[in-house]
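Predicted model only: the values in this text are computed from it and were never measured.
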Amino acid sequence: MKLMRYGAKGAEKPGLVDATGQVRDLSGVVTDIGASLLTPQGLAPLARIDPATLPVVTQPGRIALPWAGMGKFVCIGLNYADHAAEAGLALPAEPIIFMKPISAAVGCNDPVVLPKDAVKGDWEVELGVVIGARARYVSEADALKHVAGYCVVNDVSEREYQIERGGTWDKGKGCDTFGPVGPWLVTADEVADPQALDMWLDLNGQRAQTGNTRTMIFGVAQLVSYVSRFMTLYPGDLISTGTPPGVGMGAKPPRYLKPGDEMRLGIAGLGEQRQKVHAWNPDLIDG
């Protein structure tokens with residue numbers, strides 16, 4: 001299934017995308033797509049629904065976060081060997097974990113708003129892994145049983161804040177709007193191999209990133225197992241798994257986001273995102 005939510009902020013409705021690409025209204029079946037719905041018990045009844053029996057949504061409008069109730073937004077740094085090389089950094093011996101606050105998460109086409117005094121905004125197309133069953137010290141062999149599905153994530157960054165201002169990476173990763181997610185949550189049964197997905201990102205119509213999840217240093221099963229050693233993962237938690245090469249920081253010379261730029265990105269089978277970059281404007285965040 002391709003689950004989604006649509007509508008204005010605070011008035012989102014649940015939906016799914018049928019085999020023809022039409023949005024179908026799920027609000028007659030569930031009030032929302034929340035974390036509890038992402039468990040095996042929650043997804044099973046939805047899987048039995050014939051999408052043709054649901055109303056067609058001809059104009060869904062804004063595409064919202066695909067699910068409500070995200071508890072944690074966990075991110076993995078330097079998880080592609082070729083990305084580490086372009087950044088001039090050694091391959092990590094173990095996964096690098098950092099967090100984005102939930103306030104960074106926005107819909108897939110919502111505005112990306114640069115913080116005040118930003119000078120090195122950057123982009124990162126990433127595979128998102130959505131947890132569907134509580135994971136605590138799970139083995140790699142069992143890790144994928146705890147995954148509800150997958151999604152596209154843009155791990156937007158402010159590199160000066162991240163690298164040059166001291167402390168952890170979080171301050172350059174957690175700004176408002178720095179975590180577009182979606183358009184869909186594609187359930188795990190529709191993704192035959194999460195380590196064989198093409199991914200890409202265009203900046204202003206020019207290809208910036210091209211990659212495939214097969215070049216991850218640590219695969220999805222490894223990451224779910226590893227992260228579950230340090231924190232309990234619950235349904236609705238999101239792990240963003242790193243980016244392939246082609247980020248602005250790695251360009252020669254480096255290039256960074258500026259107001260008016262447009263990012264378009266996607267992952268095979270998981271849909272596409274499109275964001276316009278704006279200078280600091282809190283109305284675009286809160287409106």
Side-chain angles (χ1 to χ4, degrees), residues 1-7 9-10 12-18 23-51 54 60 63-76 99-108 126-139 142-154 179-194 197 213 220-221 223-228 231-241 267 269-271 273:
M1 292 179 290
K2 295 180 175 67
L3 299 174
M4 64 173 294
R5 297 164 69 242
Y6 61 95
K9 292 181 181 179
E12 293 90 346
K13 294 183 178 181
L16 62 78
V17 178
D18 67 20
V23 177
R24 299 280 180 162
D25 183 8
L26 268 176
S27 58
V29 180
V30 295
T31 57
D32 202 354
I33 298 172
S36 62
L37 200 70
L38 304 182
T39 65
Q41 298 80 10
L43 290 175
L46 296 183
R48 293 193 289 266
I49 296 173
D50 179 359
L54 301 172
I63 305 302
L65 284 167
W67 72 99
M70 183 189 302
K72 289 191 283 293
F73 195 152
V74 184
C75 298
I76 307 299
M99 308 284 285
K100 285 182 183 279
I102 303 306
S103 56
V106 294
C108 64
E126 303 197 0
L127 173 66
V129 179
V130 186
I131 301 300
R134 189 181 76 172
R136 179 184 292 155
Y137 291 103
V138 299
S139 67
D142 290 334
L144 295 186
K145 298 175 184 177
H146 296 75
V147 174
Y150 302 91
C151 60
V152 182
V153 175
N154 189 354
V181 178
W184 316 313
L185 185 163
V186 180
T187 52
D189 60 293
E190 291 200 7
V191 179
D193 184 358
L197 300 174
T213 55
V220 171
L223 292 174
V224 172
S225 174
Y226 185 84
V227 173
S228 77
M231 63 192 82
T232 301
L233 296 169
Y234 293 97
D237 287 350
L238 174 64
I239 301 175
S240 197
T241 57
I267 299 178
L270 304 185
Q273 303 185 354

Please confirm whether the backbone N or O of [Y] pairs with a side-chain atom of [X], one donor and one acceptor, at under 3.5 Å?
X: Thr213; Y: Leu197; result: yes
X: Gln273; Y: Pro183; result: no
X: Ser228; Y: Ala135; result: no
X: Glu12; Y: Gly7; result: no
X: Thr232; Y: Arg136; result: no
X: Ser225; Y: Val138; result: yes

How about [X] and [Y]: do any of their side-chain heavy atoms sit closer than 4.5 Å?
X: Leu46; Y: Thr187; result: no
X: Leu43; Y: Asp189; result: no
X: Leu26; Y: Ile49; result: yes
X: Val181; Y: Pro66; result: yes
X: Tyr150; Y: Val220; result: yes
X: Ile239; Y: Leu233; result: yes
X: Leu16; Y: Leu54; result: yes

Only one of Ile102, Leu65, Val130, Val129 clears side-chain contact (heavy atoms from CB on, under 4.5 Å) with Leu238; which?
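So, applying the side-chain contact (heavy atoms from CB on, under 4.5 Å) to Leu238 and each of Ile102, Leu65, Val130, Val129, only Val130 qualifies.
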Measure across [X] and [Y] and return the closest heavy-atom pair with its distance rounded to 0.1 Å.
X: Thr31; Y: Pro14; value: O-CD, 3.7 Å
X: Gly69; Y: Ala35; value: O-CB, 3.8 Å
X: Val74; Y: Met231; value: CG2-SD, 4.0 Å
X: Ala143; Y: Ala221; value: CB-O, 3.4 Å
X: Ala105; Y: Met70; value: CB-CE, 4.2 Å
X: Pro60; Y: Val23; value: CG-CG2, 4.2 Å

To the nearest 0.5 angstrom, please state how far the [atom1] atom of [X] sits from the [atom2] atom of [Y].
X: Thr39; Y: Ile131; atom1: OG1; atom2: CD1; answer: 13.0 Å
X: Leu3; Y: Cys151; atom1: CG; atom2: SG; answer: 11.5 Å
X: Arg134; Y: His146; atom1: CZ; atom2: NE2; answer: 9.0 Å
X: Trp184; Y: Met1; atom1: CH2; atom2: CE; answer: 14.5 Å

Applying side chain to side chain contact (heavy atoms under 4.5 Å, CB included), run through Asp25 and Tyr6 and close with a yes or a no.
CA-CA 9 Å; Asp25 183 8; Tyr6 61 95; 3.4 Å; yes
Mind running side chain to side chain contact (heavy atoms under 4.5 Å, CB included) on Tyr226 and Ile76 for me, showing each step along the way?
CA-CA 11 Å; Tyr226 185 84; Ile76 307 299; over 6 Å; no
Residues Arg5, Asp32: salt bridge by 4.0 Å N-O rule:
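Yes.
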